[in-house]
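Notes for the one structure printed next.
Both ligands and their constituent atoms are indexed starting at 1 by order of listing.
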Amino acid sequence: MKIAVVGTGYVGLVTGTCLADLGNEVVCVDIDEEKIKSLNKGIIPIYEPGLDGLVANNKKAGRLEFTSDLKKSIKECGVVFICVGTPPKENGEADLSYVENVARAIAEAMDSYKVIVEKSTVPVETGEKVARTIRAYNVHKADFDVVSNPEFLREGSAVNDFMHPDRVVIGCENERSRNVMKELYSPLNAPIIFTDIKSAEIIKHASNSFLAAKISFINAIANICELAGADIEKVSEGMGFDKRIGRSFLNAGIGYGGSCFPKDVDAFVRIAEKFGYDFRLLKAVQEINNAQRDNFMKKIEKALWVVKGKTIGVLGLAFKPNTDDMRLAPSIDIISQLQKEGAKIKAYDPEAMQKAGQIFNGITYCNSPYEAAAGSDALVILTEWKEFKELDLKRIKPLMKHPLIIDGRNIYNPEEMRKEGFVYISIGRKEVL
Ligand code: UDX
Ligand code: UDX
């Protein structure tokens, strides 16, 4: 099949590349000409494991190309994926102006039947609005169908998530578009859930909100564990073995970040409000998530007593491991607050330091976790990179001014930390003093 993927961000680039790898001819389109130039030179603008090799292979095989010529791409392709950003507006609603612009451009260019697929996360009823926009600007009176096919790609494992999904959700409203989508996804051998468009749109917001709720739930339980002197890791394990609950997304920490959960939860609260429903449960999910960062700051302040003038080594800047993405990373709030209180920050992240450089001022970036630890009054762990779990703690301890580790991701065993002689403060577990 010939496919155009509009928007080559985290989602569009992975989607386009994987569709090419399944044997389709894919053209990835982006308004950002610099990005297209780089991609054509083989430079991948994001860090996503496995993606660079897949892009190179499919380019070489002639199945994948990059362009900023939207008009030509639309004319040549039968299926068009919309993967442009849907960033939050100030009131929490999704800004759909990029989606509208692309819908209009598709309508003006198309001169034969197209299946137009919304891949970006959008509020329910966007499918209808996209169809209305396309009808309004459909100068060649071409046939078309709109389909909703939400993405469930976790950064850091997006290629694997595309190739081995738990399910593919397709919201479509006639046989013609259903057959096209069925053919497209049949090589994956994954369960396909066909629904109407509105239900597919809600599946996306409901899934991300449910996962966010799981995280806030376990963070709330972590707070109770701290007060009661219990151990959140044991509690998560004990709960997670129940198949109805499941162990994943039960890791307590410094709260969820990234370009999806915070924005999608906010957007879903607003969507519900517009329909006249007060989604109090999700509002509590947001509140708990925000409070989790403040709780972590309090732990740092309590452990250091005076923050002003202290040197703090920070391990991990990205919002999660295996990505360089800094969008709404908890590290932004935590580091900014520490700087405001007069701390000196030495930071290390295996992939995100370049992007972090565009956000923070006055941070010393280090070449290794050991360099970040050297001369620090405390080491603060904000992202659970595998590399940090495997640190040589015997080497770290003498490098630090004080052997104090405040761990926002619970990557070490408190008993072992005691044996190694660290003061170790983590989430939802007893402090090792
Ligand atoms: C996208 C969606 O924004 C989000 O709703 C969904 O939940 C995840 O996927 P992402 O791929 O991370 O997010 O977005 P981003 O990295 O911002 O990439 C969007 C791309 O679209 C950019 O490269 C941008 O240049 C491009 N774009 C934007 C266009 O090509 N045309 C436009 O009109 C606007
Ligand atoms: C999410 C969705 O999972 C994915 O399906 C798609 O819709 C895009 O958005 P992503 O944001 O890339 O993926 O990462 P995810 O693994 O979901 O983590 C999101 C945030 O939750 C991270 O900040 C992570 O640290 C946090 N998290 C995750 C926890 O705090 N605890 C957990 O147990 C799991």
Side-chain angles (χ1 to χ4, degrees), residues 4-16 28-36 38-39 45-46 48 66-68 70 73 81-88 94-106 118-123 126 150-158 161-162 165-167 169 203-212 214-219 222 232 236 240 246-265 267 289 292-293 316 318-323 325-331 382-384 408-410 427:
V5 175
V6 187
T8 55
Y10 284 84
V11 169
L13 189 55
V14 172
T15 301
C28 288
V29 193
D30 205 287
I31 205 167
D32 181 343
E33 291 182 12
E34 285 307 311
K35 198 180 244 185
I36 293 298
S38 300
L39 283 162
I46 54 170
E48 185 61 44
F66 300 100
T67 178
S68 30
L70 180 64
S73 313
F81 278 81
I82 302 180
C83 301
V84 294
T86 51
D95 176 353
L96 297 172
S97 55
Y98 299 138
V99 174
E100 189 197 39
N101 286 346
V102 170
R104 185 174 169 169
I106 294 171
E118 4 164 278
K119 188 66 144 168
S120 302
T121 306
V122 289
T126 300
E151 54 90 10
F152 300 102
L153 308 175
R154 283 165 301 175
E155 287 176 30
S157 58
D161 287 349
F162 188 97
D166 290 343
R167 79 321 201 172
V169 173
I203 287 171
K204 173 61 201 246
H205 269 121
S207 300
N208 272 9
S209 299
F210 188 83
L211 292 169
K214 249 186 126 174
I215 299 169
S216 280
F217 187 88
I218 207 66
N219 281 331
I232 189 64
S236 296
R247 178 64 186 82
S248 61
F249 284 76
L250 279 190
N251 293 320
I254 43 177
Y256 57 77
S259 70
C260 289
F261 285 179
K263 144 176 105 65
D264 293 351
V265 172
N289 196 59
Q292 204 59 11
R293 271 164 226 184
F319 83 99
K320 62 178 283 192
N322 298 324
T323 180
D325 198 350
M326 286 296 298
R327 290 180 288 180
L328 295 189
S331 67
L382 300 184
T383 317
E384 67 278 32
R409 301 291 188 172
N410 285 1
I427 307 285

query = Of all the atoms in ligand 2, which lie at a distance below 4.0 Å from a heavy atom belonging to Lys204?
reply =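 Going through ligand 2 atom by atom, the ones under 4.0 Å from Lys204 are 7 (O).
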request  = Mark up the atoms of ligand 2 that fall under 4.0 Å of a heavy atom belonging to Cys260, in ascending order.
outcome  =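 In order of number, 8 (C), 9 (O).
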query = Under a 4.0 Å heavy-atom limit, does Lys35 contact ligand 1 with its side chain, its backbone, both, or neither?
reply =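 The part of Lys35 near ligand 1 is the side chain, not the backbone.
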query = Any idea which part of Arg327 is under 4.0 Å from ligand 1, heavy-atom wise: side chain, backbone, both or neither?
reply =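 Arg327 to ligand 1: side-chain contact only, backbone stays beyond 4.0 Å.
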key: Which residue and heavy atom of the protein sit nearest atom 6 (C) of ligand 2, plus the separation   =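 Ranked first by proximity to atom 6 (C) of ligand 2 is Leu153 O, 3.4 Å.
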task = Looking only at protein heavy atoms, identify the closest one to atom 3 (O) of ligand 2 and say how far it is in Å.
result =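 Of every protein heavy atom, Arg154 CG, 3.4 Å lies nearest to atom 3 (O) of ligand 2.
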query = Of all the heavy atoms in Arg409, does at least one lie under 4.0 Å from an atom in ligand 2?
reply =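 Contact check Arg409 vs ligand 2: positive.
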inquiry  = Contact between ligand 2 and Gly257 is defined here as a heavy atom of the residue under 4.0 Å from a ligand atom; is it met?
reply    =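 Judged by the 4.0 Å heavy-atom criterion, Gly257 does count as contacting ligand 2.
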ask   = If hydrogens are left out, which of Asp30, Ile31, Asp32 has an atom nearest to atom 24 (C) of ligand 1, that is, the closest non-hydrogen atom?
value =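 The residue whose heavy atom sits nearest atom 24 (C) of ligand 1 is Asp30.
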task = Could you list the residues that satisfy salt bridge (Lys or Arg N to Asp or Glu O under 4.0 Å) with Glu155, not counting sequence neighbours?
result =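 If we apply the salt bridge (Lys or Arg N to Asp or Glu O under 4.0 Å) test to Glu155, skipping adjacent residues, the hits are Arg327.
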message = The criterion is side chain to side chain contact (heavy atoms under 4.5 Å, CB included); which residues satisfy it with Lys320, sequence neighbours excluded?
response =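 For Lys320 the side chain to side chain contact (heavy atoms under 4.5 Å, CB included) partners, ignoring immediate neighbours, are Arg154, Thr323.
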task = Might you work through the side chain to side chain contact (heavy atoms under 4.5 Å, CB included) test for Ile31 and Val84, ending with a clear yes or no?
result = CA-CA 10 Å; Ile31 205 167; Val84 294; over 6 Å; no
